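See structure below.
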Amino acid sequence: MKNIAPAISPPSGIGENKPANQAVLDWVHEVELLTKPENVFWCDGSDREHEYLLQEAVRQNVLFKLNDQKVPRSYLHRSNPNDVARVEQFTFICTPSKEEAGPTNNWSEPAETYSKLHGLLKGAMRGRTLFVVPYIMGPPDSPLTKVGFEITDSIYVVLSMRIMTRMGAIAVKRLGRDPAAEWNRGVHSLLDVDPARRFICHFPQDNTIISVGSGYGGNVLLSKKCLALRIGSYLARKQGWMAEHMLILGVESPEGKKYYVAAAFPSACGKTNFAMLIPPKHFAGWKVTTVGDDIAWMQIRDGRLFAVNPENGYFGVVPGTNYKSNPNAMKSIAHDSLYTNVALTDDGDVWWEGKDGAPPKHAVDWRGNDWTPDSKEKAAHPNSRFTAPVRNNPVLDPDFEKGEGVPISAIIFGGRRSNTMPLVFQSFDWAHGVYLGATMASETTAAATGAVGQVRRDPMAMLPFCGYNIGDYFRHWLAIGKRLTNPPLIFNVNWFRKGEGGKFLWPGFGDNMRVLKWIIDRCEGSNGALKSPIGWLPGLHDLDLAELDLDHKSVDELLEIDHEDWKKELAEHKKFFDSLGGVVPDELMKQCEEVAARFAK
Ligand code: GTP
Ligand code: SPV
Ligand code: MN
């Protein structure tokens, strides 16, 4: 069989950044004995190493160098067509008991799972290079920051981790020599990229992740969903902080008053776009800045929640990105980026559905086949992604690196809902807000394998990412609220409500500023709202819709609470809670009854 990741032989001085920590050395040695690689490459994150690895990746056809005039210093990668998204059905939480993983996770017994994975990893790196990737998650001087080491046999993973995290010497230094220090062990091997041998396994008690059989995204960039969310949420509960699937943005008024908000939307539901929003002309002088686009780690300080973005790059959805929908993303991916599963034009540029301008007359699609505008297949995979450094973002928040984080004034939940859910509403208080998060739902997207467009409950957008029992997770949220003297206000938004003919009623993107403005006004206590059974809704004149081409009827539809729809919705909430087998805290069960009672009044 062809070796899909042949070993590289670096010149002297490259790949030799061996850490001094004995625990790391012992662990790497163990994995080496198991996987039998040709050699071990210790990453330091330097420019010289980077240049060398890029050159090797091109030589191996793992990366294709794009036209330097079109997209300087950027590369295209095609993943195996059987391996294009997260695989939730093959993702496991391996806690000693099934109860600890809870009703929403796939559980498997730790000892058996280690033994199965070790069987798969036996000799798996023969003829390959074992890369050791040290990285930190979080700003260098944050108390929340965590150290991780990822072992991988994929050069693409190494190059991606260099963008997505603070990688190399910085992590080795931070870990130091203490063999008892806390750090995450991640082992990744491509094996033969066969879906039948694809498992993403988490061992929270051991701070360990083992991922085999995939080469794509959240399955293999172990820093991201695996460490920062699944293991992260487990550690957060134990240590009294929060690890959430949230963007973090700053919004500054023309007078210079600044607020920060965090928002949890499920995968491919608009986090990156919201985090990079450019306000419409009507909001001249308002400025939105990005702290993070996917993950927030939050801690309590002085009775408030403060958030940091643990990542150092963006792994974002490409299709639909253009200079109209998200100019800041376009600028972020204009150079020094990796593209995965987009189309390649004849002049060495990248193309995707929804990119500005006319489609190319000919391109090579994401599978490597010839493509023309007449082709039935999409040129770019719907879950094709860019990997870009945060420093490319023209609106990166100046406090991105601030160790203590930024103070959060509002938390926003939102999903993709064609009906029922209004554009925006506010919870009555923290516990009610936790209920909104716990019952949120969204139509599924291409970010995970499986059917697309089906409404599923996705509590706090964490269904695939909560590393422990979801009932305890809800309890943790409620407990955090009790410790906050100045809690963020909690909101729910829906950019995706559809009207007649199945068209989105709301323009979205930059115009989401109008909703954000109402939210900020609510934080200031300066704007109106109407009480409804589901929460506070903006009145018709409370939303600034000036210079927006939106008729009255659409606005009514966007804000409408249809009692028949809500009857069904509440039945779904109840059904969801009941399906969790008794783990939902009474306080949330009670919230459920209270909404129903408010409708009955
Ligand atoms: P992940 O990276 O998977 O977590 O996704 P995300 O939550 O960051 O979503 P992203 O911002 O990449 O948007 C996903 C898709 O939703 C893209 O196709 C966007 O074009 C689309 N989208 C984002 N914001 C809006 C919006 O306000 N309105 C509409 N109609 N579509 C949007
Ligand atoms: C998501 O699915 O939420 C993503 C993509 O951000 S991945 O990193 O592949 O999980
Ligand atoms: Mn995103």
Side-chain angles (χ1 to χ4, degrees), residues 79 83-88 91 157 160-161 164 200 211 214-230 244-247 249 263-278 290 292-295 309 311 313-322 324-326 328-330 332-333 340-341 352-355 380-388 412-418 423-424 442-450 452 458 461-465 493-499 502-516 558:
S79 72
D83 183 32
V84 294
R86 278 185 298 105
V87 283
E88 296 180 1
T91 299
V157 167
S160 300
M161 288 292 284
M164 292 307 296
I200 323 297
S211 162
S214 170
Y216 194 73
N219 296 335
V220 299
L221 309 176
L222 301 185
S223 57
K224 196 174 181 53
K225 307 295 180 172
C226 300
L227 171 54
L229 289 179
R230 297 197 189 96
E244 299 297 330
H245 191 201
M246 291 178 180
L247 66 95
L249 63 79
F265 308 159
S267 301
C269 289
K271 286 184 300 300
T272 302
N273 277 274
F274 195 42
M276 296 183 179
L277 172 160
I278 296 182
T290 317
D293 82 322
D294 197 44
I295 294 169
N309 169 15
E311 300 191 282
Y314 307 119
F315 185 64
V317 176
V318 177
T321 307
N322 57 56
K324 189 160 170 285
S325 64
N326 194 346
N328 288 325
M330 289 302 285
S332 302
I333 62 179
T340 304
N341 294 342
W352 55 84
E353 277 71 19
K355 195 182 183 187
H381 188 277
N383 191 39
S384 53
R385 297 263 167 175
F386 56 76
T387 312
I412 307 173
F413 295 118
R416 205 176 260 275
R417 295 294 300 273
S418 305
L423 179 63
V424 59
S442 193
E443 288 146 25
T444 49
T445 66
T449 56
V452 166
D458 187 348
M462 284 287 279
L463 181 75
F465 308 120
V493 301
N494 178 22
W495 312 144
F496 300 95
R497 197 163 184 172
K498 288 179 176 169
K503 275 199 134 134
F504 291 125
L505 286 162
W506 181 246
F509 302 102
D511 284 306
N512 293 333
M513 179 66 209
R514 300 167 189 277
V515 173
L516 185 56
L558 276 164

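In listed order, ligands and their atoms are each counted from 1. In this text, all values refer to a predicted model and were calculated from it rather than measured experimentally.
- Proximity of P507 to ligand 1, defined as any heavy-atom pair under 4.0 Å, is not found for any part of the residue.
- Within the sub-2.8 Å shell of the Mn ion (ligand 3), the protein contributes these N/O/S atoms: T272 OG1.
- Taking every heavy atom of K224 and a limit of under 4.0 angstrom, the matching atoms of ligand 2 come to 6 (O), 8 (O).
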- [ ] Show your working on side chain to side chain contact (heavy atoms under 4.5 Å, CB included) between K225 and I200 and close with a plain yes or no.
- [x] CA-CA 11 Å; K225 307 295 180 172; I200 323 297; over 6 Å; no

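- Minimum heavy-atom separation, A85 to A446: CB-O, 3.6 Å.
- Taking only nitrogen or oxygen atoms, main chain and side chain alike, K225 reaches within less than 3.5 Å of ligand 2.
- Between atom 17 (C) of ligand 1 and the options G320, P319, A268, the minimum heavy-atom separation is to P319.
- Within the 4.5 Å cutoff, the side chain of W506 has heavy atoms near those of the N512 side chain.
- Of the N and O atoms on the side chains of N219 and S211, not one donor lies less than 3.5 Å from an acceptor on the other residue.
- Close contacts of ligand 1 with W495, meaning ligand atoms under 4.0 Å from a residue heavy atom, involve 26 (C), 27 (O).
- Contacts of T445 with ligand 1, taken as heavy-atom pairs under 4.0 Å, are absent altogether.
- With ligand atoms numbered from 1 in the order given, ligand 1 contributes 7 (O) to contacts under 4.0 Å with heavy atoms of P266.
- Below 4.0 Å from some heavy atom of F496 lie the following atoms of ligand 1, by number and element: 29 (C), 30 (N), 31 (N), 32 (C).
- In this structure A275 satisfies the side-chain contact (heavy atoms from CB on, under 4.5 Å) test together with L247, T290, D293, sequence neighbours excluded.
- The heavy atom nearest to atom 2 (O) of ligand 2, considering only A446, S267, P266, is found in S267.
- The atoms of ligand 1 that sit less than 4.0 Å from any heavy atom of R385 are 1 (P), 2 (O), 3 (O).
- No donor-acceptor pair under 3.5 Å is formed between the side chain of D458 and the backbone N or O of P266.
- Side-chain N or O atoms of N273 include none that pairs as donor or acceptor with a backbone N or O of F509 at under 3.5 Å.
- The ligand atoms of ligand 2 that sit less than 4.0 angstrom from a heavy atom of G217 are 9 (O).
- With N322 contributing its side chain and G354 its backbone, the two residues share a donor-acceptor pair below 3.5 Å.
- Near A447, with a cut-off below 4.0 Å to any heavy atom, the atoms of ligand 2 are 2 (O).
- Relative to atom 13 (O) of ligand 1, the option among N494, N273, V318, D294 with the closest non-hydrogen atom is N273.
- Contact atoms of ligand 2 toward H245: 3 (O) (distance under 4.0 Å to a heavy atom of the residue).
- In F504, the part holding a heavy atom less than 4.0 Å from any atom of ligand 1 is the side chain.
- Contact annotation: the side chain of I295 approaches that of K224 to within less than 4.5 Å [non-hydrogen atoms, C-beta and beyond].
- Nearest protein neighbour of atom 26 (C) of ligand 1, counting heavy atoms only, is F509 N, 3.6 Å.
- Annotation for ligand 2: atoms under 4.0 Å from non-hydrogen atoms of F315 are 8 (O), 9 (O).
- Ligand 1 has no nitrogen or oxygen under 3.5 angstrom from a nitrogen or oxygen of A447.
- In R416, the part holding a heavy atom less than 4.0 Å from any atom of ligand 1 is the side chain.
- Closest non-hydrogen pair, F413 versus M246, comes out as CE2-CE, 4.4 Å.
- Ligand 1 is never approached by G354 to a heavy-atom distance shorter than 4.0 Å.
- For the pair K271 and F265, the cation-pi test (distance below 6.0 Å, angle within 45°) is failed.
- The heavy-atom pair separating L505 from G499 by the smallest distance is CG-N, 3.5 Å.
- Using a 4.0 Å cut-off between heavy atoms, S267 contacts ligand 1 through both its backbone and its side chain.
- In this structure, atom 9 (O) of ligand 1 lies nearest to the protein heavy atom G270 N, 2.8 Å.
- With a heavy-atom cut-off of 4.0 Å, M276 does not touch ligand 1 at all.
- Using modelled atom types, one finds no donor on one side chain facing an acceptor on the other under 3.5 Å when comparing N326 with T321.
- For atom 9 (O) of ligand 2, the closest heavy atom belonging to the protein is G218 N, 2.8 Å.
- Residue-to-ligand polar distances keep D293 apart from ligand 1: every N/O pair is separated by 3.5 Å or more.
- Put simply, the residue from L249, V424, V515, V493 that forms a side-chain contact (heavy atoms from CB on, under 4.5 Å) with I412 is V493.
- Looking only at distances, no side-chain donor or acceptor of T340 sits under 3.5 Å from a matching main-chain atom of S79.
- Between F274 and ligand 1, a contact under 3.5 Å exists for no N or O pair.
- Judged as a salt bridge (Lys or Arg N to Asp or Glu O under 4.0 Å), the pairs with a partner in residues 502-512 (not counting sequence neighbours) are, in order, D511-R514.
- Listed by chain and residue number, R86, S267, A268, N383, R385, T445 satisfy the side-chain contact (heavy atoms from CB on, under 4.5 Å) test with A447 (two or more places apart in sequence, or in another chain).
- Scanning the protein for heavy atoms near atom 4 (O) of ligand 1, the closest one is K271 NZ, 2.7 Å.
- A donor-acceptor pair under 3.5 Å is formed between the side chain of E353 and the backbone N or O of A380.
- Side chain of E443 to main chain of S418: a donor-acceptor pair is present (N/O by atom type, distance under 3.5 Å, no hydrogens or angles).
- For T272, a nitrogen or oxygen atom sits less than 3.5 Å from a nitrogen or oxygen atom of ligand 1, counting backbone and side chain alike.
- H381 and V84 make their closest contact through NE2-CG2, 3.3 Å (heavy atoms, listed as atom of the first residue, atom of the second, distance).
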